Each structure stands twice: as C-alpha cells, then as structure tokens.
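Working notes, beginning with the structure itself.
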Amino acid sequence: MGLDVAVRAAGPIPLDAAFRVEEGELMALVGHSGSGKTTLLRTIAGLWRPTSARVRVAGEVWLDTGRGIDLPPHRRHAGVVFQSYALFPHMSAAANVMAAMDRGLPDRRAEAERLLGLVGLSGLADRRPAELSGGQQQRVALARALARRPRVLLLDEPFSAVDRATRESLHAGILALRAHLAMPVVLVTHDMNEAQLLADRMAVIEKGRILRDGSTAEVMADPEALRALGVREIAAMLSARVVGHGDDGLTELETAAGPMVLPRIDAAPGTRIRLRIMAHDVILARGRPEGLSAQNILPGRVAAIVPGAGPGAIVHLRVGTEELLARVTRRAVEQLALAPGAPVHAVIKAMSVARDHIARPRPAG
Amino acid sequence: MALTLSLELAAWTVAILLPVSVFAGRWLAYGRFRGKGAVEALVMLPLVLPPTVFGFYLLLAFGRTSPVGAVWQQAFGHQLVFTFEGLVVASVIFNLPFAIQPAQRGFEAVAAELREAAATCGMSPLRSLWQVELPLAWPGILTAMVLTFAHTLGEFGIVLMVGGSIPGETRTIAIAIYDRVQAFDMAGAGVMSATLVAISLVTILTTFLLSRRIGRRLS
C-alpha cells in the first residue's frame with residue numbers, strides 16, 4: 001500500500017530518485033528550482049514520462065517502463081493542485097469541483113458544496129475563478145483535487161503564488177484538513193519552513209537526487225542535506241500545547257522542554273501546535289542566566305556537536321523529550337567547554353519566533 | 001438565384017470545414033511532430049497563391065483524365081469540374097488556411113496547464129476537448145468560420161476556373177456581378193453588390209456582438 005516511486009531519466013533534468021509515502025502521510029519534496037522535484041510529481045500524475053520509472057499506488061501499477069505499463073493521466077486517480085491552480089476559467093467554483101468527479105456519482109452538486117465547505121469556501125460555490133482571491137482559488141483547486149477521490153494527492157508549490165498572510169491561513173487550512181486525508185500526500189516546495197510545518201517527513205532533493213529522506217530531526221542531522229538547504233534554514237520543530245493567553249498579549253505554552261511564552265497565537269487553550277525554532281535564534285548558556293530580557297530559558301543537555309565548514313557549529317540539545325538546535329560559533333563551543341552530556345540552557349527570545357513559523361490548525365469559523 | 005447559390009456554397013464549405021478546423025487546428029496547436037512546419041506552410045499555401053493559379057491546378061486535378069476526376073466520374077456518373085460539387089471541393093481546399101489558422105490560434109490560447117488539469121481530473125481527451133478546450137478556444141473557431149463564410153461568398157477567380165459560369169449550378173453572386181458589368185447592366189450589378197455588402201456587414205456584426213456578449217459572461 002502507499003505510494004512507491006522510482007525514477008531514472010537522463011534529461012532535460014537528470015533524475016535518479018526513489019521514495020515511498022505511506023497512506024495518510026504527508027511527505028515534502030524540498031529543493032531549489034531546477035532540482036527535479038516538480039518533474040517527480042509530474043511523473044506520478046502521468047504528465048511526464050521519464051526514460052525509466054516505476055510508480056505504484058495502493059498496490060496498483062500506474063507506470064512501469066520495464067513492463068510497458070503506462071496509464072494515461074485521466075486513468076490514474078491522482079488529485080493534483082497546480083502551482084497556478086489551473087482552474088477552468090469558464091466554470092464556477094462548484095463546476096470546477098464537479099468536473100473532477102466520476103460522472104456516475106449521484107448528487108454531484110451537493111458533494112461539491114460539501115468539499116467547498118471542507119476547505120472553508122461555503123457560499124462561494126457559484127463564483128467564477130476570476131471573482132475569487134488567490135487564496136480562495138487555491139482552496140477551490142484543493143477541493144477539486146479531493147473531488148477526484150484520489151489515491152494520491154499531489155501539491156505542486158501550492159502556496160507560492162499568494163502573499164504571506166494568505167499563505168499562513170492556507171497552511172492552517174491544510175493542517176486542519178489532515179484528518180480527512182487518508183491517502184499519501186506529496187508536497188513539492190522550495191520553502192523549508194513550509195516543509196517543516198506541514199510535512200511528516202521530507203526528502204531533500206538536489207540535481208535530481210534525494211540527498212536525505214526522513215523526519216526534520218533526521219534531515220537536520222545530515223551535513224550534506226544541510227549544505228544543500230543552507231545554514232540559515234537549520235531549525236528544530238518543537239511540539240507545544242496552548243495553556244492560556246495573558247493580558248499583555250503573550251500566549252503561555254507547555255512543551256516537553258518546559259513552559260514557554262510567545263506573542264499571541266490565535267488558538268484556544270488546549271490546542272496542540274508546533275513551533276519552528278531557528279538554530280541561529282537560540283543562545284546557549286552554561287548556568288541559568290539572570291537579568292535577561294529573553295522570556296524562554298529551557299534547561300537541557302548537549303547531545304552532539306557538529307562543526308560546520310566555516311566558523312560555526314551546530315549544537316544538538318536534548319530538552320526534555322525534544323531536540324533543539326543551536327547554531328553558534330566554534331569559539332563559543334570552546335569558551336563554554338561544550339561537550340556531549342554537558343548541561344546547558346537554551347535561551348529563546350519570545351519575539352524571535354515568527355508568526356508563520358507556528359503550525360496550528362485553522363481556528364474555528 | 002446567384003445569391004442563394006453563393007449562400008449554399010458558403011454554408012456547405014463552413015459545414016465541412018468546421019470539424020476539419022477543430023481537429024486540424026487542435027492537432028497543429030498541440031501536436032509535436034517532425035514536419036509540423038511543412039504542414040503549416042502547406043495549409044497556408046492557398047493564401048499566397050493567386051486564385052487563378054490555384055484554380056488552374058484544381059481544374060487539372062479534377063479533370064476527367066486525372067485520377068481524382070476519374071474516381072469521381074466512376075462513383076457519381078458525372079464529372080467534378082463545372083458542377084456545384086466541384087465548387088464545394090475547391091472552396092473547401094481553398095479555405096483551409098482561413099478555417100485552420102484561427103482555430104489553431106484559439107487552441108493555442110488554452111494553457112497547457114489547463115489541459116493537464118483536465119486530464120488529472122479524469123477527463124478523457126474527448127471530454128477534455130468538449131468541456132475545457134472548446135469552451136475556451138471557440139472565439140478562434142468562430143473567427144475561422146466567419147472568415148470562411150465571408151471569403152466563400154466573395155471568391156471569384158477559383159470559382160470561374162473550376163466552375164465556369166453555369167446559371168443555377170456554378171454562377172455564384174461574385175461571378176454574376178462580373179457578368180452584369182460585362183453586359184453593361186450597372187444597376188443590376190449595383191443591387192447585387194449592395195446585397196453582398198449588407199450580408200457581409202450583418203455577418204461580421206452578429207459575430208462581433210455575440211463574441212462580446214459571451215466574452216463578458218466569461219470574464
């Protein structure tokens with residue numbers, strides 16, 4: 001079961017990649033433009049045929065060049081959200097969604113309205129794409145992809161064409177939808193934040209090759225993957241639960257590493273969220289620092305130190321049951337005599353966690 | 001009579017070229033094959049060739065001694081040249097560029113991503129043509145048909161070469177006007193010319209209004 005892909009091609013973009021995505025799992029293909037990630041997605045959908053490839057979805061072979069099997073795209077059950085959404089401009093939102101349904105389906109209009117409701121577009125069913133905002137168009141595209149009853153859902157840079165605020169709300173929309181997505185989901189993105197926030201697993205791809213495939217923590221422990229992503233993208237994901245909101249505009253959180261405060265997060269107490277903590281935002285201290293403006297001081301131990309090629313080093317910290325990453329100078333590592341097992345405090349400014357680095361399901365309404 | 005004949009000829013030409021323009025236009029717009037440029041050039045040929053030259057070769061090709069003419073004679077018991085059927089065949093061939101080119105541009109205006117989206121939505125190529133491509137490419141196809149219609153009404157050289165001027169069979173309005181002028185019947189020629197101008201104007205105006213109205217509904 002799940003999605004099984006193996007691709008080899010000489011051009012136009014050389015590809016040599018294989019990966020697997022389980023049912024209900026969201027995997028991000030991360031890489032710079034021209035790395036071949038979109039070509040991999042198009043291979044799954046049947047829009048591109050590499051020299052040698054195998055695509056198997058839920059036990060069904062869609063493509064096997066060795067055995068001469070190649071289902072045309074309209075006979076593969078793949079839901080695709082294109083980068084430009086590719087909505088049919090002459091059809092209403094509901095008609096766009098219905099266009100992807102099997103024609104034998106009863107009550108297609110009602111089903112279209114249910115799907116539009118699911119993506120938060122109730123009441124806009126009769127609008128044409130030109131009458132919808134970019135974010136709304138993306139949601140129609142998502143509803144249309146789901147209307148196909150896809151065995152695999154493919155998202156090709158679906159957040160790149162909207163502004164930052166809209167992107168944040170679309171991220172929340174995807175997270176809220178996760179419970180309804182029982183099929184393998186592949187997200188193609190060049191945005192590491194997006195991959196970390198939304199995906200269960202990511203594959204870092206460069207020049208058509210997968211450098212590393214795994215959880216955020218696994219990818220962040222891989223020097224080759226980090227080199228491809230760039231040191232500014234090094235970050236850890238921290239799970240948290242909203243405890244309450246203070247009168248001063250701060251939100252109290254509970255994490256496995258201890259209590260934290262962050263600028264107000266729109267989520268009810270009890271909501272589970274995930275935070276992306278950038279490695280270059282984390283300060284390390286041997287003793288518990290006093291007289292500091294920073295609001296979050298989390299005690300932990302050094303798990304590993306990975307020196308970089310330049311003057312920096314990545315310190316992996318164990319805080320409670322979670323891992324944090326700190327990018328500090330090698331000089332600081334020497335001065336603090338940091339070594340695996342050494343107790344340290346991780347200092348995180350409340351204001352350093354950007355709004356769009358917080359993964360939370362869309363608030364009700 | 002000459003007018004009805006012209007309208008009939010134009011209607012037949014449009015009826016035959018409509019499916020041709022859709023399929024050939026789509027094929028040339030989306031197909032990637034060797035010799036595409038040569039095919040496009042060949043389709044354009046009637047546009048640059050003088051109608052009399054083109055008509056001369058068709059006359060040779062349709063003649064009783066030619067293979068095409070012989071087959072026609074066998075099948076229908078009369079020859080192809082100097083008949084209405086011959087005119088229709090000549091008109092269809094001569095109008096290929098007017099019918100195919102605008103349709104091709106119409107199909108080219110449909111973004112590749114939309115066709116890919118149609119396929120991933122589970123639409124077969126035929127359903128994609130009907131539900132996505134035609135509703136978006138129709139201005140090009142409509143232009144093609146209007147051009148073909150108007151152009152057939154006014155065609156002179158090729159009709160004269162292939163059809164001659166047989167009343168009720170091949171004497172179209174354009175030929176009739178010429179005949180009137182030759183007979184110094186300026187009034188008769190004037191009436192016919194004015195009718196032709198009126199029909200052409202109405203055709204173009206209707207198309208224009210229709211496409212504006214549907215265009216408004218789409219955007």
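This structure is a prediction, so every number in the text was calculated from the model and none was measured. Naming: A, B, ... by sequence-line order, numbering from 1 per chain.
Looking at A:Ala99, the atoms closer than 4.5 Å to chain B (heavy atoms on both sides) sit in the backbone and in the side chain alike. When heavy atoms are compared at a cutoff of 4.5 Å, A:Leu87 approaches chain B solely by way of its backbone atoms N, CA, C and O. Only the side chain of A:Arg144 has a heavy atom closer than 4.5 Å to any heavy atom of chain B. Only the side chain of B:Arg127 comes within contact range of chain A, judged by heavy atoms closer than 4.5 Å.
Of all residues in residues 50-73 of chain A, those placing a non-hydrogen atom less than 4.5 angstrom from a non-hydrogen atom of chain B are A:Pro73.
In this structure, A:Glu111 does not pair ionically with A:Arg108, as no charged nitrogen and carboxylate oxygen lie closer than 4.0 Å. Of the charged side-chain nitrogens involved, none lies within less than 4.0 Å of a carboxylate oxygen, so that B:Lys36 and B:Glu40 do not count as a salt-bridged pair. For the pair A:Glu25 and A:Arg201, the salt-bridge criterion is met [side-chain N within less than 4.0 Å of a carboxylate O].
The minimum heavy-atom distance between A:Val140 and A:Val97, with the atom names listed, is O-CG2, 4.3 Å.
Of the listed residues (A:Ala147, A:Ser84, A:Ala78), the one with the most heavy-atom contacts under 4.5 Å to chain B is A:Ser84.
Every residue two or more places apart in sequence or in another chain that forms a salt bridge (Lys or Arg N to Asp or Glu O under 4.0 Å) with A:Glu22 is listed here: A:Arg20. Judged as a salt bridge (Lys or Arg N to Asp or Glu O under 4.0 Å), and not counting sequence neighbours, the contacts of B:Arg105 are B:Glu108. For the salt bridge (Lys or Arg N to Asp or Glu O under 4.0 Å) test, no residue two or more places apart in sequence or in another chain qualifies with B:Arg32.
Counting only distance, with no hydrogens or angles, the side chain of A:Gln136 and the backbone of A:Ser133 share a donor-acceptor pair below 3.5 Å.
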